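Report on one structure; see the data block that follows.
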2 protein chains.
Amino acid sequence: MEILPERTVERLSHYRRVLSKLLEINKEYIYSHEIAKLLHITPVQVRRDLMLIGHSGTLRKGYRIRELISLIGTIIDNPEKYKVAIVGFGKLGHALLNYLTENESNLHLVALFDTNPEKIGTTNNNVICYSVDRIPEIIKRYKIDMALLTLPPQFAQLTANQLVESGVKGIINYTSSILSIEGAFLEQYDMIASLEKVAYFTKPEFYL
Amino acid sequence: MEILPERTVERLSHYRRVLSKLLEINKEYIYSHEIAKLLHITPVQVRRDLMLIGHSGTLRKGYRIRELISLIGTIIDNPEKYKVAIVGFGKLGHALLNYLTENESNLHLVALFDTNPEKIGTTNNNVICYSVDRIPEIIKRYKIDMALLTLPPQFAQLTANQLVESGVKGIINYTSSILSIEGAFLEQYDMIASLEKVAYFTKPEFYL
DNA sequence: TCTAAACTGTTATTGAAGTAACAAGTAAAA
DNA sequence: TTTTACTTGTTACTTCAATAACAGTTTAGA
Ligand SMILES: NC(=O)c1ccc[n+]([C@@H]2O[C@H](COP(=O)([O-])OP(=O)(O)OC[C@H]3O[C@@H](n4cnc5c(N)ncnc54)[C@H](O)[C@@H]3O)[C@@H](O)[C@H]2O)c1
Ligand SMILES: NC(=O)c1ccc[n+]([C@@H]2O[C@H](COP(=O)([O-])OP(=O)(O)OC[C@H]3O[C@@H](n4cnc5c(N)ncnc54)[C@H](O)[C@@H]3O)[C@@H](O)[C@H]2O)c1
């Protein structure tokens with residue numbers, strides 16, 4: 001299969017989430033316009049995404065929910081779960097730990113890393129916090145695929161480099177420092193920029 | 001001035017952040033390629049953004065840092081600071097409170113909202129937590145511009161509606177439920193979708 | 001049996017964002 | 001003083017994403 005557009009992949013994640021809920025209440029088929037309504041997008045967008053992943057619906061009956069969920073799974077999941085680490089076990093790191101352990105998903109949180117001696121060695125929601133010195137060792141041992149950076153910004157680049165060298169293939173950077181990495185997929189989420197953007201668009205001049 | 005592209009606004013926030021640091025060490029002028037290098041983007045992108053906001057540099061000397069920072073301010077800031085509320089004062093809400101109060105910015109966190117009686121009435125980093133019942137009253141009284149949604153997903157849409165009716169003009173939704181609102185700018189940040197996207201792109205087939 | 005309405009699947013068009021190309025002008029060096 | 005190298009500012013082009021248009025198929029109902 002061709003490589004999918006980023007936005008499509010994000011929507012596949014959304015589709016799966018809402019479809020799973022519908023499956024629970026024993027709905028069997030769904031129309032593109034029903035999916036669209038749930039996500040506040042257009043039916044065309046839905047059909048196009050499904051076309052891209054090669055899913056065919058039944059004319060006048062719509063898409064078979066169970067089948068669609070399972071197809072999305074084969075595309076965005078791994079046979080084994082993706083292994084994830086959180087680097088920087090502070091306030092935000094805690095929140096993410098909590099979120100990842102209580103929400104069932106195809107992601108498996110395997111390790112935490114920090115520099116604070118009081119945190120190193122502790123077990124939190126069954127996940128051990130290691131010293132950052134052990135990043136190469138632990139990443140390799142558990143074959144960790146992805147890392148979430150929630151450490152102070154000034155250490156982000158250096159740590160990202162170490163992570164990638166140790167085999168990490170995807171990074172989400174929540175710090176405010178802007179990174180550059182080679183050999184791995186990088187996603188930045190800069191909360192301040194996001195807030196300032198929203199602030200800009202709240203200006204009365206361009207109410208939408 | 002014309003309405004700016006969303007991405008440009010985000011980058012303006014980045015420009016300002018790095019430029020402020022340079023100003024502190026008494027750098028006076030900067031070239032587009034220097035800015036570009038700091039943010040890992042292209043010099044053309046920088047010049048184009050600055051063109052859009054109508055800033056002129058000096059040929060062969062670059063941009064006057066102080067001037068540029070102040071221009072960015074007039075564009076993305078408010079004369080008074082933007083007033084922000086956090087709705088849902090749980091783990092993530094706490095992290096955000098912490099982040100917003102310790103990072104100096106043009107945003108002023110004014111109120112927290114929750115339903116938990118143990119949290120209502122408490123003061124945290126000088127910010128009071130109110131009952132969600134008082135959303136209309138408090139939003140209007142303090143003229144709150146923006147809200148961050150960090151409450152359980154099933155309440156997000158209803159609460160968003162209330163917020164907008166009370167006068168909020170921008171919302172960042174951190175819950176996993178997908179919202180639709182009219183009359184305000186909405187930004188969704190769905191962490192699971194973001195993680196699943198990164199996971200997808202870590203697949204060995206398309207190393208970049 | 002025939003017709004019309006309702007959906008799907010795909011191609012074509014539009015729009016937004018980023019990149020490239022280059023003209024114009026200035027400072028520094030020769 | 002003249003030349004050269006460098007940097008800005010702007011227009012043109014490319015790429016990616018979303019939307020529109022429509023052909024094709026099935027089912028229900030006349
Ligand atoms: N709190 C938020 O809501 C929020 C939001 C967006 C971005 N951020 C960013 O996320 C990062 C963490 O924020 P926070 O509020 O959790 O801060 P925090 O101070 O609570 O946590 C930082 C943690 O990182 C650890 N640490 C320090 N140096 C380290 C290193 N070299 N390697 C690994 N760990 C190290 C610290 O011991 C601490 O546990 C910051 O960069 C912040 O800008 C935070
Ligand atoms: N923790 C994370 O890192 C994280 C990441 C992404 C998204 N999220 C999402 O953010 C939201 C909050 O996550 P959390 O980990 O902080 O959960 P949490 O349970 O710690 O916090 C939720 C808070 O919302 C309050 N609340 C309940 N009903 C409310 C209502 N009707 N109005 C206002 N407040 C109400 C609760 O009392 C609690 O304080 C969830 O939707 C979660 O999916 C969390």
Side-chain angles (χ1 to χ4, degrees), chain A residues 1-15 19 27-65 67-68 71 178 180 185-188 193 197 200-201 206 208, chain B residues 1-15 19 27-65 67-68 71 178 180 185-188 193 197 200-201 206 208:
Chain A
M1 175 176 312
E2 282 293 294
I3 187 166
L4 296 171
E6 290 198 22
R7 300 301 176 81
T8 295
V9 177
E10 288 176 5
R11 283 189 296 269
L12 290 178
S13 169
H14 292 156
Y15 297 154
L19 292 175
K27 194 169 158 75
E28 200 174 346
Y29 283 93
I30 193 165
Y31 297 125
S32 61
H33 66 257
E34 293 178 293
I35 300 181
K37 194 156 199 184
L38 289 168
L39 303 190
H40 305 111
I41 58 178
T42 66
V44 185
Q45 179 96 83
V46 175
R47 293 205 297 276
R48 212 174 182 297
D49 286 336
L50 300 191
M51 185 193 91
L52 290 174
I53 63 172
H55 181 79
S56 290
T58 311
L59 253 170
R60 303 260 313 176
K61 286 184 85 176
Y63 303 91
R64 203 184 182 81
I65 295 179
E67 218 172 78
L68 184 47
L71 176 63
I178 289 153
S180 156
F185 185 87
L186 172 67
E187 167 103 344
Q188 313 244 15
K197 178 177 76 172
Y200 172 81
F201 284 103
F206 23 80
L208 23 166
Chain B
M1 174 177 311
E2 281 295 292
I3 187 166
L4 298 170
E6 291 198 22
R7 301 300 177 82
T8 295
V9 177
E10 289 176 4
R11 282 189 297 270
L12 289 178
S13 169
H14 293 155
Y15 297 153
L19 292 175
K27 192 170 162 72
E28 200 174 345
Y29 283 93
I30 192 163
Y31 297 126
S32 60
H33 65 257
E34 294 179 293
I35 300 181
K37 194 156 199 183
L38 290 168
L39 304 190
H40 305 110
I41 57 178
T42 66
V44 185
Q45 179 98 83
V46 174
R47 293 205 297 277
R48 211 172 184 296
D49 286 336
L50 299 189
M51 184 193 91
L52 289 175
I53 64 172
H55 182 79
S56 289
T58 312
L59 253 170
R60 302 260 316 173
K61 288 184 83 176
Y63 303 92
R64 203 185 183 81
I65 294 179
E67 219 171 77
L68 185 47
L71 176 62
I178 289 154
S180 156
F185 185 87
L186 172 68
E187 167 104 343
Q188 313 245 15
K197 178 177 76 171
Y200 173 82
F201 285 102
F206 23 80
L208 22 167

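Predicted, not measured: the structure shown is a model, and the values here were computed from it. Labels below follow one simple rule: chain letters A, B, ... track the order of the sequence lines, proteins then strands, and each chain is numbered from 1.
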**OP:** Please check the phosphate of D:dG9 (OP1 and OP2 only) for any side-chain N or O of B:S56 closer than 4.0 Å.
**Re:**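 So the side-chain polar atoms of B:S56 do come within 4.0 Å of the phosphate oxygens OP1 or OP2 of D:dG9, strictly under.
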Original post:
Closest approach of A:I41 and A:Y15, non-hydrogen atoms and distance?
Top reply: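 Minimum heavy-atom separation between A:I41 and A:Y15: CD1-OH, 3.7 Å.
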Do [X] and [Y] have side chains that get closer than 4.5 Å, going by heavy atoms?
X      : Y     : value
A:I178 : B:L38 : no
A:Y200 : B:L12 : no
A:L50  : A:S32 : no

[N] [atom2] sits how many Å from [X] [atom1], rounded?
X     : N      : atom1 : atom2 : answer
B:H33 : D:dC6  : NE2   : C1'   : 9 Å
A:K61 : D:dA28 : NZ    : C1'   : 14 Å
B:R60 : D:dA5  : CZ    : C1'   : 6 Å
B:Y31 : D:dT8  : OH    : P     : 8 Å
B:E67 : D:dT8  : CD    : P     : 14 Å
B:Y63 : D:dC6  : OH    : C1'   : 13 Å

Taking only residues two or more places apart in sequence, or in another chain, which ones meet [X] in a salt bridge (charged side-chain N to carboxylate O under 4.0 Å, His left out)?
X     : answer
A:E67 : none
B:R47 : none
B:K37 : none

Subject >> Pairs where residues 42-65 of chain B contributes a residue and the test ring pair (Phe, Tyr, Trp, His ring centres under 6.0 Å) is met, not counting sequence neighbours >> reply: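 Qualifying pairs: B:H55-B:Y63.
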Close N/O contacts between protein and nucleotides 17-24 of chain D (under 3.5 Å):
from, atom 1, to, atom 2, distance (Å)
D:dA18, OP1, A:R7, NH1, 3.4
D:dA18, OP1, A:R11, NH1, 3.4
D:dA18, OP2, A:R11, NH1, 3.1
D:dA18, OP2, A:R11, NH2, 3.0
D:dT19, O4, A:R48, NE, 3.0

Original post:
Taking any atom under 4.0 angstrom from a heavy atom of chain B, which nucleotides of DNA chain C are the first and last to qualify, 5' to 3'?
Top reply: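 Nucleotide range in contact with chain B: C:dA17 to C:dA28.
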